[in-house]
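Below: the structure, in structure tokens.
Just follow the structure's listing: the first ligand is 1, and inside any ligand the first atom is 1.
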Amino acid sequence: MAEAGRITALALREVEKAVRAGISTKELDEIAYEAITSMGAKPAFLGYNGFKGSICASPNDVIVHGIPSRKVILREGDIISVDIGAVYKGFVGDMARTFPVGKISDEAAKLIEVTRQSFFEGIEFCRDGNRLNDISKAVGDYAESFGYGVVRDYVGHGIGRKMHEEPSVPNYDTGRPGIRLRKGMVLAIEPMINIGTWDTVLADDGWKVSTADGTLSAHYENTVAITSDGPRILTRAD
Ligand code: MG
């Protein structure tokens, strides 16, 4: 799983390098496909429930699951969330980041940073013996302390030989302890945080999910293993 995670992270690094005003999300998708397959892996998203892409490309108010398109062209000041997955030797890596396109507003930069930090608040609790909701609550409480909306309709997940396995990993306090965490478990923890409401709308294409109020959304995800030494992020390039 660490190898799958490493390939995923290396591929996302190639996508990040290409992010600039004027590029289409389809071109970013092609870069991801090339990077993943050149390392002997398969894009985990391509063909998943019929999805047409190796990445989900979600600009600005799009939260998740944006379909790569030649018609979606990044502009200076945009933010773009890229979710990517790779399958290597039967195991899956899954991660996401939100990147700035050129110079972005202070408001957008703060959203990206708080979303990133909410992930790290959560994985502190990714330890043998803890409860699942310890993670969820830490992520959600941190993001909500900035007045942001924490997406509830889409959540993280267990991951292994399949991309989406039990359990679901919410990013907010569910009020229930949830399962006990054990070493050897691997979770995709992925806060999706909005400047405004957490409420979502699904596009007619059946995939693209946007904020109901049109405010910006950011995403930060890693595949994390619970080890005897604590949390280990598997989606790392180094
Ligand atoms: Mg995921």
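- Side-chain N/O atoms of S81 and S58 include no donor and acceptor closer than 3.5 Å.
- One hydrophobic cluster, built from ILVMFWY side chains closer than 4.5 Å, cannot hold both F119 and I112; they sit in different ones.
- Note that the NZ atom of K17 and the CZ atom of R13 stand 6.5 Å from one another [nearest 0.5 Å].
- Residue L74 shares its hydrophobic cluster (ILVMFWY side chains chained together at separations under 4.5 Å) with L12, V15, V19, I23, L28, I31, I36, I55, I80, V82, I84, M95, F99, V101.
- N130 and R182 are not linked by any side-chain donor-acceptor pair at a separation below 3.5 angstrom, with hydrogens and angles left out of the test.
- At least one side-chain heavy atom of I67 sits under 4.5 Å from a side-chain heavy atom of F51.
- Neighbouring protein atoms of the Mg ion (ligand 1) (N, O or S, distance under 2.8 Å, waters ignored): D94 OD2, H157 NE2, E190 OE2, E221 OE2.
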